[in-house]
Trainee: 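Submitted below is the structure of interest, expressed as C-alpha cells.
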Amino acid sequence: MIKNSLLSLLLLLIISSCTKTFDTQEEMNDFIKDEDNGYNYKKTIVGVDYVLQYRPTDLLVKQELGDEIDVARVEKLRQKYNKYLYFNLSMSKNNQELLNGVARDKAKFGQMVNELAFGMEEKVHLYTPEKDTLAMADFIYPRMYGMSNATSIMIVYPRETKFMNQDYLNFVIEDLGLDTGDIKFKLNMQALQKEPQLRF
Amino acid sequence: MKNVPLYTAVVAVVLSVVAIYFAKSSSQLVYVDVNKLITGYNKTKVAKAEFDKKANLMKANVDSLVGNWQKELKNYEKERTTLSPKELKLKQELLGNKQQQINGYQEAIQKKIQEEDKKVTQTVINDINDYIKEYGKDHNYKIIFGASGGGNIMYADESTDLTEEVLKGLNTEYDKK
C-alpha cells in the first residue's frame with residue numbers, strides 16, 4: 001500500500017515537473033511566444049513572414065470559460081479540447097495580409113481567397129519523418145478585409161498517439177502563389193506532449 | 001599530499017585540451033557547395049521529374065492546338081479557290097482569331113511553367129537552408145558559408161568542405177521510410 005502511494009507520488013512529481021503551469025493567460029502567452037520553448041516557429045521566405053504557433057488546450061478552455069471559473073467545467077472542457085491539436089498560422093507580406101499583395105490581379109486574388117477559405121486542407125500538410133500524413137480535422141480563416149497585418153488561420157488536427165509519439169512532425173505549407181516554394185516547420189513533439197497548463 | 005600539484009596540473013592540461021578542441025570546432029570556417037547540394041539532393045530529382053511531366057503535358061496541349069490550327073489552315077488554302085469573297089473573309093477572320101487565342105494560351109502556359117519551375121527550385125532551397133541551419137546549430141558552428149561557384153569563396157581547404165556530409169544527412173532525412 002505504502003509502496004503504491006509512494007509510486008503514485010513519484011509519478012505525480014515527475015508529471016508536475018515536466019509540464020509548466022501558469023497563473024495567467026498572459027504569462028503563458030509569453031512562454032509560448034519564446035521560440036526556444038518549441039511552441040512558436042518563425043520563418044521569412046522571399047519577403048513573406050510565416051509564424052506558426054501551437055495553442056495549448058488550456059488557452060482554449062480559458063477562452064470558452066472567460067472569467068467564470070468552474071472547476072467541474074474546466075475538466076470537461078479540457079477533455080473536449082484535448083482531443084485535438086490547435087495551431088495558429090499567420091502569414092504576411094510587408095506587414096500586411098497576403099490578399100493585399102495580390103489585390104491588383106483579379107484572377108490571383110480570387111484564387112487566393114478560394115484557397116484560404118476552402119482549400120487549406122490541400123495546401124497544409126502534417127506528416128511524420130516517414131511521410132505518414134495526419135489528415136486535417138478542420139480549419140478556419142476569418143476574413144479581416146485588410147484590417148489586420150497578417151492573414152491568420154486556425155488549423156486543427158486530431159491528437160493521435162501514433163503521431164504524438166514521434167520526435168518531430170513536418171508541418172508543410174504549400175506555395176500559395178507567392179513564389180515561396182513549400183515552407184516546412186519541424187514541430188518538436190516532446191514540447192507538444194508536455195504542453196503548458198493554466199492554474200484555474 | 002605531494003602529488004596534489006601534479007594531479008592539478010594534469011587536470012588543467014586535460015581541461016585546456018578539451019577547451020581548445022571545442023573552441024576550434026565551433027569557430028572553424030566551413031562551407032558547402034550550394035550547387036552540388038541542389039543537384040545531389042534526392043528531392044530535386046523527384047521534383048524535377050514531376051515538373052517535367054507537368055510541363056510536357058502542358059506543352060503537348062499547346063502542340064495539339066497548334067496542330068489542329070495548321071490543319072485548318074491547310075484546308076483553307078486548298079478550298080480557297082472555291083470560296084466566295086465573303087466566305088473567304090469570314091474564314092480568314094476565324095483563322096486569325098484562333099491563332100490569337102492559341103498565342104495567348106501559349107504565353108499563359110509558358111508563364112505557368114516558369115512559375116512552377118520557380119516554386120520547385122525555391123522548395124528545394126528552403127529544404128537545404130533548413131537542414132544547414134539545423135546542422136550548424138547541432139554541430140556548434142558559428143558560420144557556414146555557401147559557395148555557389150560565382151567567386152564568393154575563392155579558396156578553401158578540403159577539410160573545410162562540408163558538402164558531402166550535409167548532402168548525406170539531407171538525403172537520409174528525405175529518404176526516411
Side-chain angles (χ1 to χ4, degrees), chain A residues 35-38 41-52 91 93 98 101-102 105-108 110-112 115 122-133 162-163 165-191, chain B residues 34-35 37-39 41-52 54-55 58 101 104-105 107-140 146 148 166 168-177:
Chain A
E35 274 186 78
D36 293 337
N37 294 324
Y41 301 87
K42 279 182 193 167
K43 209 173 257 189
T44 304
I45 308 284
V46 292
V48 184
D49 298 313
Y50 291 84
V51 181
L52 178 70
M91 299 172 283
K93 194 171 184 180
L98 293 187
V102 289
D105 190 331
K106 210 173 169 185
K108 269 193 174 179
Q111 193 190 344
M112 196 180 273
E115 273 171 2
E122 281 156 33
K123 287 283 173 184
V124 176
H125 312 280
L126 187 66
Y127 57 85
T128 64
E130 291 81 25
K131 298 176 189 63
D132 196 358
T133 308
K162 184 185 156 197
F163 288 83
N165 289 338
Q166 300 283 335
D167 284 339
Y168 69 89
L169 289 182
N170 294 308
F171 190 103
V172 174
I173 308 143
E174 278 185 35
D175 195 327
L176 294 170
L178 298 162
D179 297 331
T180 57
D182 295 355
I183 310 297
K184 188 162 80 181
F185 292 108
K186 266 186 179 179
L187 302 184
N188 176 355
M189 294 314 284
Q190 275 170 345
Chain B
V34 181
N35 292 338
L37 285 181
I38 292 176
T39 48
Y41 184 26
N42 289 346
K43 189 173 181 173
T44 314
K45 288 161 205 158
V46 175
K48 180 93 181 46
E50 270 174 32
F51 166 74
D52 285 345
K54 256 190 209 172
M58 287 181 197
Q101 278 176 353
Y105 184 67
E107 267 175 41
I109 291 292
Q110 214 77 41
K111 208 177 152 196
K112 196 150 193 211
I113 289 174
Q114 273 174 4
E115 276 174 13
E116 199 72 28
D117 188 25
K118 229 179 180 179
K119 230 188 255 182
V120 169
T121 315
Q122 190 61 48
T123 302
V124 169
I125 290 172
N126 289 350
D127 268 18
I128 292 173
N129 285 347
D130 284 348
Y131 186 79
I132 290 179
K133 234 184 218 177
E134 208 180 296
Y135 182 92
K137 258 187 200 170
D138 289 348
H139 291 79
N140 248 343
S148 55
V166 167
K168 209 173 143 192
L170 196 64
N171 282 332
T172 312
E173 192 176 291
Y174 178 70
D175 294 333
K176 231 179 212 177
K177 268 169 196 163

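The basis for the numbers below is simple: all heavy atoms, side chains too, and nothing from hydrogens, waters or symmetry mates. The sequence lines fix the lettering, A, B, ..., with proteins before strands; numbering per chain opens at 1.
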Trainee: May I ask you to say whether B:Asp130 pairs ionically with A:Lys43, meaning some side-chain N is under 4.0 Å from a carboxylate O?
Mentor: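 Yes, charged N to carboxylate O under 4.0 Å.
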Trainee: Please report the closest heavy-atom contact between B:Glu173 and A:Lys131, naming both atoms and the distance.
Mentor: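 Distance-wise, the nearest heavy atoms are O-NZ, 4.3 Å.
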Trainee: Other residues, nucleotides and ligands only: do more than 12 of their heavy atoms fall within 6.0 Å of CG on A:Asp105?
Mentor: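 Check passes, neighbour count above 12.
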Trainee: When heavy-atom pairs shorter than 4.5 Å are enumerated against chain B, which of A:Val172, A:Val46, A:Asn170, A:Asp175 gives the highest number?
Mentor: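 Among A:Val172, A:Val46, A:Asn170, A:Asp175, the one with the most close pairs to chain B is A:Asp175.
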Trainee: Please look at B:Asp127 and chain A and tell me whether the side chain, the backbone, both or neither of the residue comes under 4.5 angstrom of a heavy atom of that chain.
Mentor: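 Answer is side chain: those atoms of B:Asp127 sit under 4.5 Å from chain A.
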Trainee: Just checking A:Lys186: does its NZ atom have more than 12 heavy atoms from other residues, nucleotides or ligands closer to it than 6.0 angstrom?
Mentor: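 Yes, enclosed.
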Trainee: Please examine the side chains of B:Asn126 and A:Asp182, heavy atoms only from C-beta on, and report whether any two atoms are closer than 4.5 Å.
Mentor: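 No; the side chains remain at least 4.5 Å from each other.
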Trainee: So do B:Gln122 and A:Asp179 actually touch side chain to side chain, heavy atoms under 4.5 Å?
Mentor: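 No, too far: nothing below the 4.5 Å cut-off.
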Trainee: Around B:Glu134, counting heavy atoms of other residues, nucleotides and ligands shown, do more than 12 lie under 6.0 Å from its CD?
Mentor: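 More than 12 within 6.0 Å, yes.
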Trainee: Step through the shown structure and confirm whether more than 12 heavy atoms of other residues, nucleotides or ligands are within 6.0 Å of NZ on B:Lys112.
Mentor: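 Open.
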Trainee: May I ask you to check whether over 12 heavy atoms, not counting those of A:Lys184, lie within 6.0 Å of atom NZ?
Mentor: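 Yes, NZ of A:Lys184 has more than 12 neighbouring heavy atoms, counting only those of other groups under 6.0 Å.
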Trainee: Highest number of heavy-atom pairs under 4.5 Å with chain A: which of B:Asp175, B:Thr123, B:Ile125?
Mentor: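 Highest number of heavy-atom pairs under 4.5 Å: B:Thr123.
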Trainee: Once you round to the nearest 0.5 Å, how far does CG of A:Leu178 lie from NZ of B:Lys119?
Mentor: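 With rounding to 0.5 Å, CG (A:Leu178) is 10.0 Å from NZ (B:Lys119).
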Trainee: Are there over 12 heavy-atom neighbours, none belonging to A:Glu35, within less than 6.0 Å of that residue's CD?
Mentor: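 More than 12 heavy atoms, drawn from other residues, nucleotides or ligands, come within 6.0 Å of this atom.
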